[in-house]
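Report on the structure given below.
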Amino acid sequence: MKNIHKISLLVFSAAIMISAGLKQENLSNRKAFAVMPADSSVKIDKATGLIVDKGLDMVTAHCTGCHSSKLITQFHTDRAGWLEKIRWMQQKQKLWALGDAEPVILDYLAKNYPASETVNRRAALKGVEWYKLK
Ligand code: HEC
């Protein structure tokens with residue numbers, strides 16, 4: 001190989017490595033942002049990683065037995081979206097009836113993990129007419 005080819009190959013690989021590095025950094029920034037509350041006055045419960053607020057005890061009792069609380073903190077949606085997720089877990093994943101705890105849990109989730117443009121999930125679609133694929 002001629003030297004000029006070697007050099008251009010070197011420059012090319014360096015460019016790829018730098019852009020891969022930048023991408024990685026962007027990803028990890030996004031991740032950090034996703035679990036960090038925007039408001040620095042928000043307190044995080046050490047044991048669960050969930051935001052300390054009214055209803056945390058109920059959420060801890062009902063929502064951290066089967067899976068990591070990270071499934072909750074990574075998932076952001078509005079109250080209707082949270083209810084839908086709970087119903088889905090009740091139908092498919094053996095989640096029990098939440099009884100009187102349900103509205104408290106929904107208030108907590110909708111307030112602390114609301115729908116967000118920047119965190120993973122958009123708000124639930126409204127007024128969509130779904131149709132069956134043929
Ligand atoms: C009986 C077991 C069980 C309990 C209790 C439970 N879940 Fe789940 N949940 C699951 C399973 C199973 C999944 C699917 C996990 C997976 O995809 O790996 C899941 C997934 C999730 C997800 C991710 C859904 C997605 O689409 O990405 C969220 C959010 C969630 N649960 C929230 C909650 C909340 C809030 C509570 C408390 C009301 C709760 N879970 C209690 C079993 C449970």
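Both ligands and their constituent atoms are indexed starting at 1 by order of listing.
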Which of the numbered atoms in ligand 1 are below 4.0 angstrom from a heavy atom of Trp96? 1 (C), 5 (C)
Measure the spacing between CG of Leu50 and CG of Asp45 and express it to the nearest 0.5 Å. 7.0 Å
Determine, considering heavy atoms only, which of Thr64, Val59, Leu71 sits nearest to atom 28 (C) of ligand 1. Leu71
The test is side chain to side chain donor-acceptor pair (under 3.5 Å); show your working for Thr60 and Asp57 and say whether it passes. CA-CA 5 Å; Thr60 305; Asp57 50 344; over 6 Å; no
Please identify which atoms of ligand 1 are closer than 4.0 Å to at least one heavy atom of Leu109. 35 (C)
Identify which of Glu102, Lys92, His62 has a heavy atom lying nearest to atom 41 (C) of ligand 1. His62
Candidate with minimal heavy-atom separation from atom 7 (N) of ligand 1, of His67, Met58, Gln93: His67
Out of all atoms in ligand 1, which are within 4.0 Å of some heavy atom of Cys66? Include the element for each. 1 (C), 2 (C), 3 (C), 4 (C), 5 (C), 42 (C), 43 (C)
When you measure from the centre of the six-membered ring of Trp88, is the NZ or CZ of Lys85 under 6.0 Å away and within 45° of the axis? yes
Nearest heavy atoms of Tyr113 and Thr73, plus distance in Å: OH-CG2, 3.6 Å
So that I can tick it off, tell me whether Arg79 and Asp107 are bridged by a salt bridge, with the cut-off set at under 4.0 angstrom between side-chain N and carboxylate O. yes
Restricting to heavy atoms, the pick from Lys85, Lys94, Gln90 nearest atom 24 (C) of ligand 1 would be Lys85
Mind checking whether Gln90 and Arg87 have side chains closer than 4.5 Å, heavy atoms only? yes
